[in-house]
S.K.: 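One structure, as structure tokens, below. Some questions next.
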Amino acid sequence: MVRGILKKCAVALLAVFCLCGQSLAAEKYIVASDCTWPPFEMLNDQKQPTGFAIDYIRAVAKAAGFEVENRNIAWDGIFGGVATGQYDIVASSTTITEERQKQFDFSDPYFEIVQAVILPAGKSIKSLEDLKGKKIGGQVATTGIFVMRKSGISCELKEYDDVGLAIQDLVGGRIDAVICDNAVAKYYAHKKKDYLDKITIAYETEDKELYGFTVKKGRTDLVNKLNEGIRKVKESGVEAKLLKKWIGD
Ligand code: ARG
């Protein structure tokens with residue numbers, strides 16, 4: 001009889017532990033990044049996602065008490081996957097634009113850029129107009145391409161899956177210019193040994209763009225958690241450390 005009661009108590013206790021354990025386990029979110037955008041999201045030697053955005057989202061998760069799993073997902077289609085719930089967060093240097101805000105929700109901004117035009121070393125332009133009639137490369141469906149389209153300047157736009165391939169074509173003389181986020185342009189022009197004396201940042205636009213983490217429309221809870229994490233990462237000085245580690249000057 002006593003043994004029976006004890007056994008029941010033990011079972012009940014076990015159940016309580018299991019349930020508590022479950023509710024204590026941190027929520028895990030899958031994060032998609034197109035790892036072709038150094039120094040923000042790229043692949044390391046072991047083909048794992050690395051870079052400023054990868055460290056940043058991990059720091060945000062730690063600060064806000066959730067877990068993340070990082071995945072490398074091609075830019076073309078990356079937003080479709082967050083809409084259908086294949087992953088929870090896009091951390092891919094996504095500029096917050098009005099157009100995108102109609103379809104997705106964004107965290108608070110975590111980085112600011114402008115567009116930069118890369119030319120072969122020694123060449124120069126004074127304005128975007130000087131690109132008239134030229135062949136210009138950029139990553140497909142990025143704000144760099146949108147800026148050129150909106151400018152109305154008649155030129156030939158070549159859209160690549162990977163901006164690195166556009167820069168290869170520039171160096172190879174197959175296109176005349178590349179347009180991309182200035183921090184990425186700086187990485188290719190100043191940090192890639194192979195390109196040091198081959199390419200130059202010839203022009204930067206004035207319009208500022210802000211990067212935000214992208215989630216499916218309506219996931220307010222997740223946006224709130226991201227914003228809480230971003231705030232803490234800024235306040236704690238972790239952001240400054242990550243900027244120093246990945247971006248420098
Ligand atoms: N900031 C630009 C945009 O939002 C380019 C982002 C590209 N990101 C990448 N990981 N390939 O359109």
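Atoms within a ligand are numbered from 1 in the order they appear, just like the ligands themselves. Note that the structure is predicted; figures quoted are calculated from it, not measured.
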S.K.: Ligand 1: which residues have a non-hydrogen atom closer than 4.0 Å?
M.R.: Asp34, Thr36, Trp37, Glu41, Trp75, Ser92, Ser93, Thr94, Thr95, Arg100, Gln139, Thr142, Thr143, Asp181, Tyr211
S.K.: Looking at Asp105 and Arg219, does any basic side-chain N land under 4.0 Å from a carboxylate oxygen?
M.R.: no
S.K.: I'd like to know if Lys134 and Glu156 make a salt bridge, using a cut-off of under 4.0 Å between side-chain N and carboxylate O.
M.R.: no
S.K.: In terms of side-chain geometry, is the basic nitrogen of Glu159 or Arg149 positioned less than 4.0 Å from the acidic oxygen of its partner?
M.R.: yes
S.K.: Is the shortest distance from a Lys or Arg side-chain nitrogen in Glu228 or Lys232 to a carboxylate oxygen in the other one below 4.0 Å?
M.R.: yes
S.K.: Does anything in residues 169-182 pair up under side chain to side chain donor-acceptor pair (under 3.5 Å), and if so which pairs, sequence neighbours excluded?
M.R.: Trp37-Asp181, Gln115-Asp181, Tyr160-Asp169, Asp169-Arg174, Asp181-Tyr211
S.K.: Heavy-atom count check: over 12 atoms from other residues, nucleotides or ligands less than 6.0 Å from Glu235 CD?
M.R.: yes
